[in-house]
Amino acid sequence: MENKLLPTICYDLHSHSTASDGVLTPTELVHLAAKNGVDVLALTDHDSTHGHAEAAVAAAAVGIKFVPGIEISVSWRKRLIHVVGLGIDEQHVEMQVGLAHLCKLRQQRAEAIGAKFEKIGMPDVYAGACGLASGVVSRSHFAMYLVEQGVVRDVQQAFKKYLQKGKRCYVGCEWASLEDALAWIHGAGGQAVVAHPARYKMSRTLFREFLLDFKALGGAGLEVACSSHNFEEAQLMAGHAKALDLLASVGSDFHSPHSSWAKLGHVHALPEGCRPIWHDWK
Ligand code: AMP
Ligand code: MN
Ligand code: MN
Ligand code: MN
């Protein structure tokens, strides 16, 4: 029986800093995590580990356990999938070579997005977005610049109007293969987790095929509890995890204190019967 007197450990295993499209520096992120009662925090910036060193120092100072992580952009059957790596050694050479390639693709894509804005009479958007990025350049920086300039009401509207697939300034990209992303994570000693799995608009059959590929490549788990999942989606993902003997992870996908939907450390508990990704962590 569960001992109700044992304090529950608060895990948040998906968050972003200014090393990608988060608005807090790694130090500010760790301080907010401490304030919000997080005990174990993973920094999982898009395609970059540049925030790790700073976050590790800040976490040690405030007594939080820091998990070095990553969120890798993957193309699987022409679809964009995000794969989180947890407990990775940032020194792993193959992974860093792969991430450098992804960052080069991001830079080229940003230039192509900028060219599309220029074509529709908005020549300053590329420079504006780059000015807001202090690490990896993301579509989020374009969205933030458009908000700043009053072109759109909020980030969501920027995606809806210009940046998401099918919209005027969208540029597609062939990201890492699932095989490469998992090989990098495993080579770096980490565990691979499918980020926000309910967000991909796949049929149940296609999603099963994806999970079978992921599992065959040694994938460890699914984010069952995350800010973008409602109760039913969390239950659904818990079912997939159990059926395929995958572990369950928890992450807010925190980007900004101004976000109304993703608060650092505020994620629902895992549904009953899930085996947590941290079950054998030291
Ligand atoms: P990128 O990795 O540069 O393609 O940018 C993707 C990032 O943009 C995601 O990680 C989210 O942070 C953000 N994003 C994607 N879609 C939306 C949306 N519809 N509304 C707000 N933010 C979004
Ligand atoms: Mn993001
Ligand atoms: Mn993501
Ligand atoms: Mn994320």
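Side chains are part of it too, since the values below use all heavy atoms of this structure and drop only hydrogens, waters and symmetry mates. For ligands, and for the atoms within them, numbers begin at 1 and follow the listed sequence. This chain uses plain numbering: 1 for the first residue, then up along the sequence.
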- request: Could you pull out, from His46, Lys160, His82, Arg106, the option with a heavy atom nearest to atom 2 (O) of ligand 1?
  value: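 Nearest heavy atom to atom 2 (O) of ligand 1 lies in Arg106.
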Report the nearest protein non-hydrogen atom to [atom]: residue, atom name, distance rounded to 0.1 Å.
atom                    : value
atom 6 (C) of ligand 1  : Arg139 NH2, 3.8 Å
atom 22 (N) of ligand 1 : Phe159 CE1, 3.5 Å
atom 5 (O) of ligand 1  : Ser138 OG, 3.3 Å

query: At distances under 2.8 Å, what protein N, O or S atoms surround the Mn ion (ligand 3)?
result: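 Checking every protein N, O and S atom gives Glu71 OE2, His82 ND1, His196 NE2.
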field: Closest non-hydrogen atom pair, Lys65 against Lys282
entry: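 Shortest heavy-atom separation between Lys65 and Lys282 comes out as CE-O, 4.4 Å.
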query: Do you know which two heavy atoms are closest between Arg106 and Val137, and how far apart they sit?
result: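 Distance-wise, the nearest heavy atoms are NH1-O, 3.1 Å.
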Identified side chain to side chain contact (heavy atoms under 4.5 Å, CB included) counterpart of Thr18 within the set Thr25, Asp45, Leu132: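 With Thr18 as partner, Thr25, Asp45, Leu132 yield a single side chain to side chain contact (heavy atoms under 4.5 Å, CB included), made by Thr25.
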- request: Run the numbers for me: atoms of ligand 1, each under 4.0 Å from some heavy atom of Val155, listed by number.
  value: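 That gives atoms 21 (C), 22 (N) of ligand 1.
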- request: Please confirm whether Ser73 comes within less than 3.5 Å of ligand 1 when only nitrogen or oxygen atoms on both sides are compared.
  value: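 No; every N/O pair is 3.5 Å or more apart.
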field: Short side-chain to backbone donor-acceptor contact, His229 and Val224, under 3.5 Å
entry: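 Checking the backbone N and O of Val224 against the side chain of His229, a donor-acceptor pair under 3.5 Å is found.
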- prompt: Among the N, O or S atoms that Asp21 has, which is closest to the Mn ion (ligand 2)?
  reply: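 So the atom name we want here is OD2.
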- request: Check whether any N, O or S atom of His255 sits under 2.8 Å from the Mn ion (ligand 2).
  value: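 So His255 counts as coordinating the Mn ion (ligand 2), yes.
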- request: Tell me, with the steps shown, if Trp278 and Val250 meet side-chain contact (heavy atoms from CB on, under 4.5 Å).
  value: CA-CA 10 Å; Trp278 56 84; Val250 171; 3.8 Å; yes
field: Ser140 near ligand 1 by a heavy-atom separation under 4.0 Å
entry: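 It does; at least one heavy atom falls under 4.0 Å.
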- request: For the pair Phe210 and Trp76, name the ring-plane relationship: parallel under 30°, tilted 30 to 60°, perpendicular over 60°.
  value: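 Answer is perpendicular, since the angle exceeds 60°.
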query: Taking the inter-plane angle between the rings of His46 and His255 on a 0 to 90° scale, is it parallel (under 30°), tilted (30 to 60°) or perpendicular (over 60°)?
result: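 Geometry flag for His255 against His46: tilted rings.
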query: For ligand 1, which part of Arg109 has a heavy atom less than 4.0 Å away: the side chain, the backbone, both, or neither?
result: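 Side chain only.
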task: Would you mind telling me if ligand 1 is within reach of the side chain of Asp21, the backbone, both or neither, using heavy atoms under 4.0 Å?
output: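 Just the side chain.
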query: When you look at NZ of Lys215, are more than 12 heavy atoms from neighbouring residues, nucleotides or ligands closer to it than 6.0 Å?
result: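 Buried by this count: over 12 neighbours within 6.0 Å.
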query: Hey, what do you get for CG (Leu32) to CZ (Phe254), rounding to the nearest 0.5 Å?
result: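 Answer for the CG-CZ pair, Leu32 versus Phe254, is 5.0 Å.
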Residue pair Ser228, Asp253: steps toward the side-chain contact (heavy atoms from CB on, under 4.5 Å) verdict: CA-CA 8 Å; Ser228 58; Asp253 200 4; 5.8 Å; no
query: Does the gap between the ring centers of His14 and His16 come in under 6.0 Å?
result: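 Under 6.0 Å, so yes.
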